[in-house]
Amino acid sequence: MFINLFAVIALYVATGAAIVLIFFPAYVWAWRSIASDFAATPGKNASWVRTCPIYLTIFLAGLTCPIDLRLFAYVLAGSRSASSGSRPTASG
(Lines give C-alpha, C1' and ligand atoms only; values in the text may rest on other atoms or scores of the structure.)
Protein backbone atom coordinates (compact mmCIF):
# COMPACT_ATOMS: atom_id res chain seq x y z
CA MET A 1 0.00 0.00 0.00
CA PHE A 2 1.35 3.38 -0.98
CA ILE A 3 0.98 6.27 1.44
CA ASN A 4 1.41 9.75 0.06
CA LEU A 5 3.84 11.15 2.63
CA PHE A 6 3.76 14.55 0.96
CA ALA A 7 0.03 14.78 1.67
CA VAL A 8 0.57 13.72 5.28
CA ILE A 9 3.31 16.31 5.79
CA ALA A 10 1.24 19.00 4.06
CA LEU A 11 -1.67 18.18 6.37
CA TYR A 12 0.51 18.60 9.46
CA VAL A 13 2.03 21.84 8.17
CA ALA A 14 -1.39 23.28 7.37
CA THR A 15 -2.75 22.28 10.77
CA GLY A 16 0.25 23.70 12.59
CA ALA A 17 0.08 26.96 10.64
CA ALA A 18 -3.62 27.31 11.41
CA ILE A 19 -3.03 26.75 15.12
CA VAL A 20 -0.25 29.33 15.20
CA LEU A 21 -2.29 31.88 13.26
CA ILE A 22 -5.26 31.49 15.60
CA PHE A 23 -3.69 31.10 19.03
CA PHE A 24 -0.46 33.09 18.84
CA PRO A 25 -2.11 36.55 18.62
CA ALA A 26 -4.34 35.67 21.59
CA TYR A 27 -1.29 34.49 23.53
CA VAL A 28 0.63 37.69 22.74
CA TRP A 29 -2.35 39.84 23.74
CA ALA A 30 -2.73 38.00 27.05
CA TRP A 31 1.00 38.18 27.76
CA ARG A 32 1.13 41.93 27.05
CA SER A 33 -1.89 42.65 29.23
CA ILE A 34 -0.34 40.67 32.08
CA ALA A 35 3.01 42.44 31.59
CA SER A 36 1.37 45.87 31.66
CA ASP A 37 -0.43 44.91 34.88
CA PHE A 38 2.89 43.87 36.44
CA ALA A 39 4.46 47.17 35.37
CA ALA A 40 1.66 49.03 37.11
CA THR A 41 1.90 46.95 40.32
CA PRO A 42 5.41 45.48 40.84
CA GLY A 43 4.27 43.54 43.92
CA LYS A 44 2.51 41.00 41.71
CA ASN A 45 5.77 39.93 40.04
CA ALA A 46 6.10 36.73 42.08
CA SER A 47 2.43 35.77 41.89
CA TRP A 48 0.95 32.62 40.41
CA VAL A 49 -0.63 34.62 37.57
CA ARG A 50 2.83 35.34 36.18
CA THR A 51 3.73 31.67 35.89
CA CYS A 52 0.29 30.48 34.76
CA PRO A 53 0.85 31.06 30.99
CA ILE A 54 4.09 29.06 31.15
CA TYR A 55 2.43 26.13 32.91
CA LEU A 56 -0.55 26.30 30.56
CA THR A 57 1.71 26.19 27.51
CA ILE A 58 3.63 23.19 28.85
CA PHE A 59 0.38 21.41 29.72
CA LEU A 60 -1.11 21.96 26.25
CA ALA A 61 2.12 20.82 24.60
CA GLY A 62 2.02 17.70 26.75
CA LEU A 63 -1.51 16.98 25.54
CA THR A 64 -0.81 17.81 21.89
CA CYS A 65 2.36 15.78 21.35
CA PRO A 66 0.94 12.31 22.14
CA ILE A 67 -2.18 13.04 20.10
CA ASP A 68 -0.09 14.14 17.10
CA LEU A 69 2.18 11.12 17.38
CA ARG A 70 -0.80 8.78 17.60
CA LEU A 71 -2.42 10.35 14.55
CA PHE A 72 0.84 10.23 12.60
CA ALA A 73 1.37 6.55 13.46
CA TYR A 74 -2.26 5.83 12.54
CA VAL A 75 -1.85 7.44 9.13
CA LEU A 76 1.50 5.76 8.47
CA ALA A 77 0.06 2.39 9.42
CA GLY A 78 -2.34 2.76 6.51
CA SER A 79 -5.53 2.80 8.50
CA ARG A 80 -6.68 6.01 6.84
CA SER A 81 -5.59 7.83 3.74
CA ALA A 82 -4.64 11.42 4.51
CA SER A 83 -5.63 12.75 1.11
CA SER A 84 -9.00 11.09 0.52
CA GLY A 85 -10.17 10.33 4.05
CA SER A 86 -11.38 6.86 3.07
CA ARG A 87 -10.43 3.52 4.52
CA PRO A 88 -8.39 1.15 2.38
CA THR A 89 -10.19 -1.85 0.95
CA ALA A 90 -8.94 -5.43 0.96
CA SER A 91 -8.09 -6.65 -2.51
CA GLY A 92 -8.41 -10.22 -3.53
Side-chain angles (χ1 to χ4, degrees):
M1 175 176 200
F2 176 73
I3 296 175
N4 188 355
L5 287 179
F6 180 75
V8 173
I9 293 170
L11 176 68
Y12 277 98
V13 169
T15 304
I19 290 171
V20 168
L21 287 174
I22 291 170
F23 288 110
F24 186 71
Y27 180 78
V28 169
W29 172 80
W31 191 260
R32 285 187 181 177
S33 67
I34 292 170
S36 67
D37 186 41
F38 288 143
T41 55
K44 291 183 177 180
N45 241 0
S47 69
W48 181 79
V49 175
R50 182 170 175 87
T51 58
C52 179
I54 295 168
Y55 293 137
L56 181 64
T57 303
I58 293 171
F59 175 73
L60 291 176
L63 286 178
T64 304
C65 288
I67 293 169
D68 283 347
L69 289 174
R70 183 187 172 277
L71 178 64
F72 188 66
Y74 186 71
V75 169
L76 284 181
S79 297
R80 185 173 298 263
S81 174
S83 59
S84 66
S86 61
R87 291 191 174 270
T89 58
S91 60

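Exactly one of W31, F23, W29 qualifies for a side chain to side chain contact (heavy atoms under 4.5 Å, CB included) with Y27. That residue is W31.
Partners of Y55 according to the side chain to side chain contact (heavy atoms under 4.5 Å, CB included) rule, which considers only residues two or more places apart in sequence or in another chain, are T51.
Grouped with L56 in one hydrophobic cluster are F59, L60, L63, the linkage being side-chain heavy-atom contacts under 4.5 Å among Ile, Leu, Val, Met, Phe, Trp and Tyr residues.
The line from CG of D68 to OG1 of T15 is 8.5 Å long, rounded to the nearest 0.5 Å.
Pairing each heavy atom of P66 with each of A61, the nearest pair is CD-O, 4.5 Å.
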